[in-house]
Engineer: 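Sending over a structure as structure tokens; questions will come in a sec.
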Amino acid sequence: MATEIDQRLDLQSVRIVRAIAETGSITAAARALGYSQPAISQHLQRTEVRLGMALVTRVGRSVRLTEAGTVLARHALTITSAFDAAEGDLADLAGLRTGNVRLAAFPTASSTIVPRLLAALAAGHPGITVTYIEAQPPEAVQLLRDGGIDLAITFSYPGDRADPHGDSASGLTMQPLFTEEMVVVIPSRHPLTSHDVIDVAMLAGERWIAGCPRCRGHLLAVCEVAGFAPTITFETDNASAVMNMVASGLGVAMLPRLALATATLPVGAVIRPHSPRSVRSIQAIANDGARRVPSLAATGAVLQALDGTDWGLVAARG
């Protein structure tokens with residue numbers, strides 16, 4: 001019986017059902033796949049005839065997957081990923097000439113790492129087309145697992161006990177790229193500006209401005225080591241906003257070097273290294289087998305070769 005169904009099922013039908021599951025309608029699926037709505041409907045009808053079972057059912061003006069359609073959609077990502085990997089191996093034999101990469105990265109990478117990556121790819125691999133969306137690490141990893149993107153540039157705090165990145169990226173391929181130092185930002189009139197390195201414990205009585213949830217978690221971890229729980233008054237993942245709040249005397253903050261790369265330090269704020277020293281790591285994450293897809297392998301190689309020293313990044317070893 002399994003052999004009969006295999007003969008009646010084609011890859012395009014799998015892609016169509018997956019697109020309907022993701023978009024919620026035949027019209028939107030057709031738009032996503034680049035076909036007309038009638039063409040998608042006709043292909044779906046022929047597939048249902050071959051299988052002898054319905055894949056969608058109409059509910060008013062919308063459609064809903066049947067039980068059979070839901071089963072097929074559940075297996076669609078595995079099927080299409082395996083096919084893409086096989087197609088990639090064949091393309092590798094012929095030589096890399098074209099390819100598509102769907103990329104996601106966190107906000108501060110949008111104005112630093114990503115533009116440099118895209119410029120290097122355009123120069124070295126003009127046949128690769130990259131689409132890009134901005135997403136914090138948890139969302140980027142979920143998009144990767146759901147098949148919405150091919151590659152995610154993320155950050156983590158490997159020294160923190162509560163850093164969730166290792167668990168969230170479990171089962172995926174991780175490529176270390178950089179490490180960067182964390183610094184504290186304090187008002188220029190603060191008495192600790194005379195220190196070359198600021199002991200975090202000396203900021204125990206300050207109001208703090210925290211960043212994204214993972215950055216906030218790192219701040220809590222560093223302060224715990226220093227022996228206190230910080231009083232967090234404001235939270236924003238906008239580095240410019242953080243620095244201007246500090247310059248206005250609203251509190252102190254902790255930021256990664258990359259966040260300072262394209263933001264102008266306002267008058268009234270200064271940055272200092274801190275002790276105990278802490279770092280953030282930056283990595284590329286992809287599904288297992290991504291290196292067999294030439295466009296993804298080429299993108300990973302270009303990422304690995306990027307120079308980030310002007311932003312205060314240190315290339316990862318290995």
Side-chain angles (χ1 to χ4, degrees), residues 32-34 81 84-85 87-88 91-92 94-156 165 169 172-180 211-212 214-215 237-240 255-264 280-316 318:
L33 295 173
S81 294
D84 289 344
E87 190 175 49
D92 195 37
L96 180 63
R97 289 185 292 272
T98 62
N100 297 287
V101 176
R102 298 167 300 167
L103 174 69
F106 54 95
T108 49
S110 290
S111 55
T112 51
I113 295 171
V114 172
R116 190 165 291 181
L117 168 65
L118 297 181
L121 281 172
H125 302 281
I128 295 179
T129 300
V130 181
T131 56
Y132 175 65
I133 60 171
E134 188 175 276
Q136 290 285 3
E139 292 74 28
V141 171
Q142 191 58 53
L143 282 169
L144 188 62
R145 291 193 183 279
D146 292 342
I149 60 171
D150 305 302
L151 186 66
I153 300 174
T154 69
F155 66 81
S156 62
H165 200 281
L172 301 173
T173 299
M174 186 179 296
Q175 176 186 0
L177 298 174
F178 304 103
T179 58
E180 59 178 324
C212 72
R214 289 194 175 186
C215 298
D237 58 4
N238 184 317
S240 294
L255 289 174
R257 284 283 183 185
L258 194 62
L260 307 172
T262 58
T264 302
R280 184 172 80 164
S281 66
I282 298 172
Q283 51 274 321
I285 300 179
N287 283 303
D288 188 31
R291 291 184 181 180
R292 298 200 306 268
V293 180
S295 58
L296 293 181
T299 302
V302 172
L303 262 175
Q304 194 81 66
L306 286 184
D307 181 10
T309 53
D310 55 325
W311 301 319
L313 303 184
V314 177

Engineer: Taking all non-hydrogen atoms of both residues into account, name the closest pair between His125 and Val302 and its distance.
Structural biologist: CD2-CG2, 4.1 Å
Engineer: Name every donor-acceptor pair, under 3.5 Å, that has one atom in a side chain of residues 135-142 and the other anywhere in the protein, sequence neighbours excluded.
Structural biologist:
unit_1: Gln136; atom_1: NE2; unit_2: Asp237; atom_2: OD2; d: 3.4
unit_1: Gln142; atom_1: NE2; unit_2: Asp146; atom_2: OD1; d: 3.0
unit_1: Gln142; atom_1: NE2; unit_2: Asp146; atom_2: OD2; d: 3.4

Engineer: Please report the closest heavy-atom contact between Leu255 and Ala239, naming both atoms and the distance.
Structural biologist: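 For Leu255 versus Ala239, the nearest heavy atoms are CD1-O, 4.5 Å.
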Engineer: Who are the side chain to side chain contact (heavy atoms under 4.5 Å, CB included) partners of Ala290, not counting sequence neighbours?
Structural biologist: Ala286, Leu296
Engineer: Run the side-chain contact (heavy atoms from CB on, under 4.5 Å) check on Ile282 and Thr154 step by step: do they pass?
Structural biologist: CA-CA 6 Å; Ile282 298 172; Thr154 69; over 6 Å; no
Engineer: Please report the closest heavy-atom contact between Ile285 and Met174, naming both atoms and the distance.
Structural biologist: CD1-CE, 4.1 Å
Engineer: Less than 4.5 Å apart, any side-chain heavy atom of Leu177 and any of Leu313?
Structural biologist: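 Leu177 does not reach Leu313 side chain to side chain.
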Engineer: Grab the two heavy atoms, one from Ala298 and one from Leu121, that are nearest each other, plus how far apart they are.
Structural biologist: O-CD2, 4.4 Å
Engineer: Return yes if a side-chain donor-acceptor contact under 3.5 Å exists between Gln283 and Ser281, otherwise no.
Structural biologist: yes
Engineer: So, for Thr112 and Pro115, which heavy atoms are closest and what is the spacing to 0.1 Å?
Structural biologist: O-CD, 3.3 Å
Engineer: Are any non-hydrogen side-chain atoms of Leu117 and Leu306 less than 4.5 angstrom apart?
Structural biologist: yes
Engineer: Are any side-chain N or O atoms of Asp288 and backbone N or O atoms of Leu172, one a donor and one an acceptor, separated by less than 3.5 Å?
Structural biologist: no
Engineer: So, does Glu134 use its side chain to make a donor-acceptor pair with the main chain of Ser110 at under 3.5 Å?
Structural biologist: no
Engineer: Side chains of Asn100 and Ile128, heavy atoms from C-beta outward: is any pair under 4.5 Å?
Structural biologist: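 With C-beta onward as the side chain, the pair stays apart.
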Engineer: Let's go through Leu303 and Ile153 carefully: what are the C-alpha distance in whole Å and the side-chain angles of both, what is the deciding distance for side-chain contact (heavy atoms from CB on, under 4.5 Å) to 0.1 Å, and is it a yes or a no?
Structural biologist: CA-CA 10 Å; Leu303 262 175; Ile153 300 174; 3.9 Å; yes
Engineer: Can you measure from CD1 (Ile133) to CZ (Arg102) and round to the nearest 0.5 angstrom?
Structural biologist: 9.5 Å
Engineer: Could you go through residues 256-263 and list every donor-acceptor pair under 3.5 Å that involves a side-chain atom there, pairing it with any protein atom two or more places apart or in another chain?
Structural biologist:
unit_1: Arg257; atom_1: NH2; unit_2: Glu181; atom_2: OE1; d: 3.4
unit_1: Thr262; atom_1: OG1; unit_2: Ser111; atom_2: OG; d: 3.2

Engineer: Assess whether side-chain contact (heavy atoms from CB on, under 4.5 Å) is satisfied between Phe155 and Cys215, documenting all intermediate values.
Structural biologist: CA-CA 10 Å; Phe155 66 81; Cys215 298; 4.1 Å; yes
Engineer: Please report the C-alpha distance between Thr131 and Leu103 in whole Å, then the side-chain angles of each, then the deciding distance to 0.1 Å, and finally whether the side-chain contact (heavy atoms from CB on, under 4.5 Å) criterion is met.
Structural biologist: CA-CA 6 Å; Thr131 56; Leu103 174 69; over 6 Å; no
Engineer: Of all the heavy-atom pairs spanning Trp311 and Ile113, show the shortest one and how long it is.
Structural biologist: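 Minimum heavy-atom separation between Trp311 and Ile113: CH2-N, 3.7 Å.
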Engineer: Under 3.5 Å, is there a donor-acceptor pair between the side chain of Tyr132 and the main chain of Leu118?
Structural biologist: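 A pair under 3.5 Å: no.
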